[in-house]
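Everything below concerns the one structure shown next.
Residue numbers begin at 1 in each chain, while the letters A, B, ... track the order of the sequences.
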Amino acid sequence: MYTVKRVLMVRGILLLETTAFPFRHFSAPPCLRSPKRNSPYSSVDSERYSSLVKSVMSTRVSSQTPETLHAEDEHIYGPVIKAQTDARIKPRTPKTIHPFLNCEEAGGTEDAESGLPVQIALNRGQGRSSVPSVTRILQQTLSQEQIFYLERWKRRMILELGEEGFRQHSQNLFRQGKRFHSALEEILTSSSSEKDKTISETAEYPADVQGYMESVSHILKDVNAVRAIESTVQHETLNYLGVVDCVARYKGVLCVIDWKTSERAKPFLSNTYDNPIQVAAYAGALNNDVNYKYQVDSGLIVVAYKDGSPAHAHQLSSELMLDFWKTWLLRLEEFTEQRSIQASSASLEN
DNA sequence: GGATCCTTCTTCTTCTTC
């Protein structure tokens with residue numbers, strides 16, 4: 001159920017701000033429109049406001065046009081945010097469907113799984129300075145709805161913690177995430193030196209990471225044959241790069257794995273927002289990067305919790321990965337369009 | 001050595017009643 005937070009009556013239309021959507025329009029029910037009913041308006045000084053009421057109620061003569069109404073709506077409620085359902089009815093498709101897999105590369109061989117995991121460091125110097133990253137592209141192509149909820153969340157947090165408190169809180173979340181990644185990097189690198197070795201559960205970790213490690217221990221049991229850790233991937237034709245958390249077998253399936261920490265439970269894939277798109281982007285890049293001689297068509301998002309409660313693992317089948325790959329291509333197209341608009345406006349200024 | 005980059009996170013319903 002959605003809760004109505006605010007009700008406004010404008011031109012015979014009820015505007016409801018619900019907990020789910022900022023505003024929704026409904027026609028006023030007859031009981032609210034009918035003058036016969038005892039309404040709150042009955043106490044209004046009708047003589048004093050008669051000319052205003054007449055001008056509002058008159059349908060034959062109106063100074064308002066669709067254009068002025070639109071401008072007024074924009075002024076009061078801000079720009080219209082497209083409902084999600086519209087997108088479902090008319091799904092957008094990328095202009096060009098670039099292949100997710102590289103047909104020239106054969107599937108991974110067992111030989112590649114026996115050595116140490118690959119770890120290609122990010123080197124921005126080698127003509128890569130202008131290549132955009134997965135994170136940047138996703139951040140710059142957030143939907144209006146995502147921006148709305150993120151900004152609302154930030155405002156609420158600042159009200160609660162203050163500017164400085166919020167800054168520290170965010171910093172703390174980032175720090176915990178980084179330490180968790182470092183601990184995983186260490187454990188996965190050392191344990192992979194011996195093929196299919198079970199990952200140790202007895203190791204000691206820093207206090208702020210201990211809970212997260214406990215949280216993922218049941219997942220780590222099913223992770224083996226680690227091939228890459230914190231390694232740079234770059235799509236050779238689509239020209240973007242990123243740093244993949246991990247490439248390994250999970251329950252026997254070779255996947256791109258993304259480790260996440262979260263304060264809130266994320267039991268469903270839909271709770272992970274753009275994370276699946278990020279994973280598909282990394283996998284697509286890896287499949288089209290000469291440094292990796294194998295193909296990955298599946299993914300895994302692991303959400304770990306600080307209190308040690310079991311992490312949620314969301315597996316992305318090859319079908320799902322293809323869907324998210326298409327979404328990634330859309331975001332990439334959007335980013336490229338933004339960039340070319342910025343470039344052309346910059347050249348006009350010069 | 002400093003600056004910059006990639007990443008690390010953050011969103012989608014909240015309160016009442018049974």
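Think of A:L150 as one node in a network of Ile, Leu, Val, Met, Phe, Trp and Tyr side chains linked at under 4.5 Å; its network also takes in A:L142, A:I147. Other members of the cluster containing A:I341 do not exist, because no ILVMFWY side chain is joined to it at under 4.5 Å.
Put simply, CD1 on A:I277 is 14 Å from C1' on B:dT11, counting in whole angstrom units. What separates CZ of A:R136 from P of B:dT4 is a distance of 14 Å, to the nearest Å. The nearest whole Å value for the distance from the CD atom in A:Q144 to the P atom in B:dT11 is 19 Å. Regarding A:L122, its CG atom lies at a distance of 10 Å from the C1' atom of B:dT7, rounded to whole Å. A:Q140 places its CD atom 13 Å from the C1' atom of B:dC5, with the value rounded to the nearest Å.
Ion pairing between A:E214 and A:K306 fails under the 4.0 Å rule for side-chain N and carboxylate O.
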All N/O contacts under 3.5 Å from nucleotides 8-10 of chain B to the protein, with atom names and distances to one decimal?
| residue | atom | partner | partner atom | Å |
| --- | --- | --- | --- | --- |
| B:dT8 | OP2 | A:Q278 | NE2 | 3.2 |
| B:dT8 | O2 | A:K178 | NZ | 3.4 |
| B:dC9 | OP1 | A:T261 | N | 2.6 |
| B:dC9 | OP1 | A:T261 | OG1 | 2.9 |
| B:dC9 | O5' | A:T261 | OG1 | 3.3 |
| B:dC9 | N4 | A:Q139 | NE2 | 3.1 |
| B:dT10 | OP1 | A:E263 | N | 3.2 |
| B:dT10 | OP2 | A:K266 | NZ | 3.1 |

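Applying the ring pair (Phe, Tyr, Trp, His ring centres under 6.0 Å) criterion to A:F166, with sequence neighbours excluded, gives A:W153. Remark: A:L173 pairs with A:H169, A:E263 by the side-chain contact (heavy atoms from CB on, under 4.5 Å) rule, at least two apart or across chains. When the salt bridge (Lys or Arg N to Asp or Glu O under 4.0 Å) test is applied to A:E319, no partner is found at least two apart in sequence or on another chain.
Separating the P atom of B:dC9 from that of B:dT13 is a span of 23 Å, rounded to the nearest Å.
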